[in-house]
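Single-structure report; data block below.
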2 protein chains.
Amino acid sequence: MSALSIGRLGERAGVNIETIRYYERIGLLPEPARSLAGYRLYAEDHLRRLRFIRRGRDLGFSIEAIRTLLRLAEHPDQPCADADRLAAEHLADVERKIEELTRLSEELGKMTRCCADSVAQCRIIDALGATEYE
Amino acid sequence: MSALSIGRLGERAGVNIETIRYYERIGLLPEPARSLAGYRLYAEDHLRRLRFIRRGRDLGFSIEAIRTLLRLAEHPDQPCADADRLAAEHLADVERKIEELTRLSEELGKMTRCCADSVAQCRIIDALGATEYE
DNA sequence: TCTTGATCCCGTAGTCGCTACGGTGTTCAT
DNA sequence: ATGAACACCGTAGCGACTACGGGATCAAGA
């Protein structure tokens with residue numbers, strides 16, 4: 001009972017309306033029923049699915065990964081090795097990215113708090129101009 | 001002397017040819033001279049500028065930030081407060097992102113190494129299905 | 001009942017920073 | 001002279017949305 005409009009659905013799942021329609025277009029969220037006037041009418045199932053998607057996105061999974069995870073979630077009797085592999089790969093990605101950004105912030109840290117008077121002595125401009133390839 | 005073809009320029013700056021033409025299109029790299037046949041002929045100045053751009057991108061600066069930094073670099077007599085602010089803001093962005101990813105990797109770490117037999121008991125699928133908004 | 005403002009519809013285009021494609025012309029070494 | 005390698009150009013694609021424009025519909029108050 002009590003079908004949700006797209007606006008209410010978005011509110012309750014924490015997802016933008018345009019994004020919901022986008023998920024429908026790419027086949028991530030199934031097409032809902034429609035009112036006589038053509039308005040989308042969502043059921044509780046859609047809400048659960050959309051929350052699953054949002055949570056996956058929050059955790060940084062790609063749309064395609066989420067598509068796979070949703071397929072898995074629909075088959076509770078099957079082994080979950082695939083889900084585990086997906087998550088492990090994603091975790092490795094995230095850890096690589098953290099390392100990368102950490103190196104970056106160290107370099108940026110060295111550059112900033114430049115106390116020079118003019119661009120001519122500026123550490124930042126200097127660092128960018130540094131030649132290291134030849 | 002010794003003008004560079006786009007391929008040689010790309011090699012020496014560590015930048016893809018298509019990317020160089022893209023930078024030209026968006027006005028980041030000035031249009032070079034052309035040979036009779038219409039081939040681009042780059043001078044040393046282009047190489048310096050392109051390396052500046054690449055280094056900026058490596059450090060994660062946006063194209064627009066680099067555009068500003070380039071403008072600054074062209075006026076060595078001016079104060080470098082703007083460059084300092086840009087770099088500091090970027091550093092803050094990077095640090096925020098690191099924090100975010102660290103939280104993420106912790107959550108993912110809890111999820112992975114799931115030893116369940118089936119999706120029904122899978123921690124990963126479970127975590128995604130968890131309701132927290134209402 | 002009328003009106004007003006919020007909500008919804010749809011299709012399309014824009015965002016960022018490239019990267020790829022396709023078809024043609026040029027250069028260079030053998 | 002031939003063939004590989006390189007260059008030209010314009011356009012479209014990527015991922016994951018987000019925004020826009022112009023119209024239809026709904027709910028609530030006067």
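Throughout, protein chains are lettered first and strands after them, A, B, ... in sequence-line order, and every chain is numbered starting at 1. The figures here come from the full heavy-atom set of this structure, side chains too, leaving out hydrogens, waters and symmetry mates. None of these values were measured; they are calculated from a predicted model.
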Original post:
Starting at CG of Leu4(A) and ending at P of dT7(C), how long is that distance when rounded to a whole Å?
Top reply: 15 Å
Original post:
Are Thr19(B) and dG17(C) close enough that a side-chain N or O sits under 4.0 Å from OP1 or OP2?
Top reply: no
Original post:
Under the 3.5 angstrom rule, does the side chain of Arg54(A) hit a backbone N or O of Ala13(A) as a donor-acceptor pair?
Top reply: yes
Original post:
Is there a donor-acceptor pair closer than 3.5 Å between any side-chain N or O of Thr102(A) and the backbone N or O of Ile98(A)?
Top reply: yes
Original post:
What is the distance from CZ of Phe61(B) to P of dG17(C), rounded to the nearest Å?
Top reply: 13 Å
Original post:
How long is the line joining OH of Tyr22(A) and C1' of dA19(D), in whole Å?
Top reply: 15 Å
Subject >> Side-chain N,O (Arg57(B)) to OP1/OP2 (dC18(C)) below 4.0 Å >> reply: yes
Original post:
OP1 or OP2 of dA16(D) sitting under 4.0 Å from any side-chain N/O of Tyr23(A)?
Top reply: no
Original post:
Among residues 26-39 of chain B, which contact DNA chain D at a heavy-atom distance under 4.0 Å?
Top reply: Arg34(B), Gly38(B), Tyr39(B)
Subject >> Atom pair distance, as rounded to whole Å: CD1 in Ile17(B) and C1' in dG10(D) >> reply: 17 Å
**OP:** Take atom CD of Glu18(A) and atom C1' of dA13(C), then tell me their distance rounded to the nearest Å.
**Re:** 13 Å
Subject >> salt_bridge(Arg103(A), Glu100(A)) N-O dist < 4.0 Å >> reply: no
Original post:
To the nearest angstrom, how far is Arg21(A) atom CZ from dT7(C) atom P?
Top reply: 15 Å
Original post:
How would you list, by chain and number, every residue that makes a salt bridge (charged side-chain N to carboxylate O under 4.0 Å, His left out) with Arg57(A), sequence neighbours excluded?
Top reply: none
Original post:
With Arg49(A), which of Glu44(A), Glu24(A), Glu74(A) fulfils salt bridge (Lys or Arg N to Asp or Glu O under 4.0 Å)?
Top reply: Glu74(A)
Original post:
Expressed in angstrom and rounded to an integer, what is the separation of Asn16(B) atom CG from dC6(D) atom P?
Top reply: 13 Å
Original post:
Is the phosphate of dC8(C), meaning OP1 or OP2, less than 4.0 Å from a side-chain N or O of Arg40(A)?
Top reply: no
Original post:
For DNA chain C, whose closest nucleotide is more 5', that of Arg25(A) or that of Leu41(A)?
Top reply: Leu41(A)
Original post:
Could you give the CD1-to-P distance, from Ile6(A) to dC8(C), as a whole number of Å?
Top reply: 7 Å
